[in-house]
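Positions are given from 1 along the sequence. Keep in mind that what you see is a predicted model, and the values were worked out from it rather than measured. Whatever order the structure lists them in is the order used to number ligands and atoms, beginning at 1.
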Amino acid sequence: MCDGKLTRGSMVASLTALSATPALAQAIPAGSGWNDDLVTGNRILADQEILDGFGHLSMRSQTNPTRFWMSRSMAPALVTAADIMEFDLDGNAVDPRGRAVFLERFIHSEIYKSRPDVNAVVHAHTAAMIPFGVSATPLRPLIHVAGFLGETVPIFEIRDVAGDATDLLVRNAQLGAALARSLGAHPVALMRGHGYVAVASSVRQCVYRAIYTVVNAQAEAEALRLGTVKFLTPGEAKSTAATMAPLVDRPWDLWKTQALGER
Ligand SMILES: [Zn+2]
């Protein structure tokens, strides 16, 4: 019951909430090669229900292209600046200090290795994506905010690489390289029975793509229930992608405010 009194318990709860809210309050060392967007992106993707307890976001180092940054192994909604770690392109932590690392960090290391244009990677298990990785129905763009998907979205089939001996996790460099080959030059690849990856030249663009890929998947599943679907033509996909690409800061500011309560 709440009688309006400020109890010790409520004070502690308030202070805990206060210290947890400004995720970006901890200083990032100058020249470290990453910025606030990495922590904010983790919080946004969790708040938008793209990531749950699993999945991850990384960014390539801005000072050393052979390194990237991501959190230690933990739920994305809880990531703070203190949890961010540096990795090389073989997936090794540069300064592990005993911290647990994600099993699937090879998704990130191998994509950065094969795609010099990519500076951010999201890997997620979002439920709305799963049907398009396990069925014969292709994921295709049908709304203007998802034109970046282009004409086709590739599917990574881990059985083609390792038969039925895997747990579907991309837990080594060989599997990561195979996923990167499936992704090719695309912005998104489905992972059969597992989830998807989205990549981009910046964290903000990558978060935008990760979110609107799911929005498109949800809309496509709904539209297919109604009957024949009109997808974007290749020309429409290209034009809408070009129009929306410079506008990602607008939803980013909204998502950030919703996730952190600050701008
Ligand atoms: Zn995964």
Side-chain angles (χ1 to χ4, degrees), residues 38-39 41-60 68-79 83-85 87 89-93 99-115 118 120-135 139 149 153-184 186-200 203 206-218:
L38 183 54
V39 174
N42 270 280
R43 299 298 191 96
I44 288 172
L45 290 166
D47 190 57
Q48 294 293 315
E49 300 184 338
I50 303 300
L51 303 177
D52 52 13
F54 300 103
H56 14 87
L57 164 69
S58 70
M59 71 177 285
R60 191 194 293 273
F68 69 96
W69 296 85
M70 68 192 306
S71 79
R72 65 186 172 86
S73 180
M74 64 186 296
L78 307 178
V79 169
D83 300 306
I84 302 301
M85 298 176 65
F87 294 85
L89 295 193
D90 291 324
N92 301 309
R99 291 171 289 183
V101 296
F102 288 118
L103 288 173
E104 295 194 288
R105 59 196 181 280
F106 303 100
I107 292 171
H108 304 257
S109 58
E110 293 300 320
I111 289 174
Y112 289 127
K113 207 182 274 183
S114 68
R115 288 279 299 270
V118 167
V121 176
V122 170
H123 166 56
H125 302 157
T126 323
M129 299 295 290
I130 301 302
F132 296 96
V134 300
S135 71
L139 179 68
L149 289 173
V153 178
I155 301 175
F156 172 57
E157 173 50 88
I158 199 166
R159 281 182 208 155
D160 291 346
V161 189
D164 76 342
T166 76
D167 56 8
L168 277 72
L169 300 187
V170 179
R171 53 169 65 241
N172 61 48
Q174 182 207 1
L175 294 172
L179 170 61
R181 283 195 297 277
S182 290
L183 176 67
H186 295 269
V188 173
L190 290 151
M191 300 163 73
R192 193 267 307 160
H194 182 171
Y196 71 109
V197 290
V199 304
V203 167
C206 196
V207 166
Y208 173 97
R209 287 178 173 179
I211 290 172
Y212 279 114
T213 296
V214 171
V215 170
N216 192 91
Q218 291 166 331

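- Ring geometry for H194 against H125 counts as tilted: the plane angle lies between 30° and 60°, on a 0 to 90° scale.
- D83 and R99 are not joined by a salt bridge, as no carboxylate oxygen comes within less than 4.0 angstrom of a charged side-chain nitrogen.
- Judged by distance alone, the side chain of R72 and the main-chain N or O of M85 form no donor-acceptor pair under 3.5 Å.
- No donor-acceptor pair closer than 3.5 Å links the side chain of E104 to the backbone N or O of L169.
- Distance alone, capped at 3.5 Å, is enough to place a donor-acceptor pair between the R209 side chain and the V199 backbone.
- Listed by chain and number, E104 OE1, H123 NE2, H125 NE2, H194 NE2 are the protein N/O/S atoms closer than 2.8 Å to the Zn ion (ligand 1), with waters left out.
- Residues T166 and R171 have side chains not in contact (no heavy-atom distance under 4.5 Å, counting atoms from C-beta outward).
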